[in-house]
Amino acid sequence: MTDRRPSAWPPLLLAIALEVGATLSLRAAEGFTHPLWLIAVVVGYTSSLLLLSVVLDRGMPVGVAYGIWSAIGVVLTAVLGTVLFGELLGAVQIVGIGVIVVGVLLVELGSHARAHSDSGVAAETAS
């Protein structure tokens, strides 16, 4: 009998969305000049971190989970900051976003490659 855990991806994606929403709300609050936005900041960050703990409980390695959470959060926040607040991205920043995306892909591919090699070692050990 195998111990099958639920996927870590749905709570990770929701954690990312909440963190990005909280960060954008922090920008919208403009310090304390629009304090109602701070409610969204506190709720968003708190909920995001709680969901990140669910992701870890479901077996995703902490380095992979945090790397994906933070990197995708940075990319989405930068892009949405441009759309919502008119913050401009220069050429170097756009290249940096591309590097972050490639880095996330490499971390994810590396975690899958490691999982396959670890399961192969476990299968050899069991026989």
Side-chain angles (χ1 to χ4, degrees):
M1 184 166 106
T2 60
D3 180 25
R4 185 116 170 114
R5 295 183 202 181
S7 174
W9 281 100
L12 179 59
L13 295 175
L14 186 54
I16 293 166
L18 287 165
E19 186 268 334
V20 169
T23 303
L24 294 172
S25 297
L26 190 61
R27 171 67 167 85
E30 296 178 356
F32 288 100
T33 58
H34 301 288
L36 286 178
W37 283 105
L38 296 175
I39 295 168
V41 171
V42 171
V43 170
Y45 284 139
T46 302
S47 301
S48 180
L49 291 172
L50 288 171
L51 284 168
L52 193 56
S53 72
V54 169
V55 170
L56 299 176
D57 188 52
R58 290 186 179 184
M60 187 176 283
V62 68
V64 174
Y66 184 72
I68 292 170
W69 178 77
S70 61
I72 293 176
V74 167
V75 170
L76 288 175
T77 300
V79 170
L80 291 173
T82 299
V83 171
L84 298 174
F85 302 114
E87 298 172 347
L88 300 177
L89 292 175
V92 173
Q93 292 166 305
I94 292 169
V95 169
I97 287 171
V99 169
I100 290 170
V101 170
V102 169
V104 167
L105 291 173
L106 291 174
V107 167
E108 179 58 20
L109 289 172
S111 71
H112 285 294
R114 173 144 182 137
H116 289 320
S117 68
D118 288 349
S119 65
V121 169
E124 288 177 16
T125 308
S127 48

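Just so we're clear, the structure is a prediction, and the values are computed from it rather than from any experiment.
- Residue-environment remark: OH (Tyr66) stays at or below the threshold of 12 foreign heavy atoms within 6.0 Å.
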Give the C-alpha distance, both sets of side-chain angles, the deciding distance and a yes or no for side-chain contact (heavy atoms from CB on, under 4.5 Å) between Leu52 and Leu12. CA-CA 6 Å; Leu52 193 56; Leu12 179 59; 4.1 Å; yes

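- Using a 4.5 Å heavy-atom threshold, the side chains of Leu49 and Trp69 count as touching.
- Residue Val62 comes nearest to Leu56 through the heavy atom pair CA-CD2, 3.5 Å, listed as atom of the first residue, atom of the second, then distance.
- Hydrophobic clustering (ILVMFWY, side-chain heavy atoms < 4.5 Å, transitive): Ile72 and Leu50 are in distinct clusters.
- Of all heavy-atom pairs between Ala78 and Leu89, the closest is O-CD1, 4.1 Å.
- Taking every heavy atom of both residues into account, Val64 and Glu108 meet most closely at CG1-OE1, 4.0 Å.
- Summarising the geometry, atom CZ belonging to Arg5 is positioned 11.5 Å from atom CE belonging to Met60; distances are rounded to the nearest 0.5 Å.
- Shown are Val75, Val74, Leu76; of these, the side-chain contact (heavy atoms from CB on, under 4.5 Å) with Ile97 is made only by Val75.
- In the hydrophobic clustering of this structure, Leu88 does not group with Val79; members are Ile, Leu, Val, Met, Phe, Trp, Tyr whose side-chain heavy atoms approach within less than 4.5 Å, directly or through other members.
- Within 6.0 Å of CZ on Phe85 lie more than 12 heavy atoms contributed by other residues, nucleotides or ligands.
- Leu80 and Val104 fall within the same hydrophobic cluster, defined by Ile, Leu, Val, Met, Phe, Trp and Tyr side-chain heavy atoms under 4.5 Å apart, directly or through other members.
- In this structure, Val107 is a member of the same hydrophobic cluster as Leu13, with clusters built from ILVMFWY side-chain heavy atoms closer than 4.5 Å.
- Between Glu87 and Thr82, the shortest heavy-atom distance links the atoms O-OG1, 2.8 Å.
- At a threshold of 4.5 Å between non-hydrogen side-chain atoms, the residues Ile68 and Ile16 count as touching.
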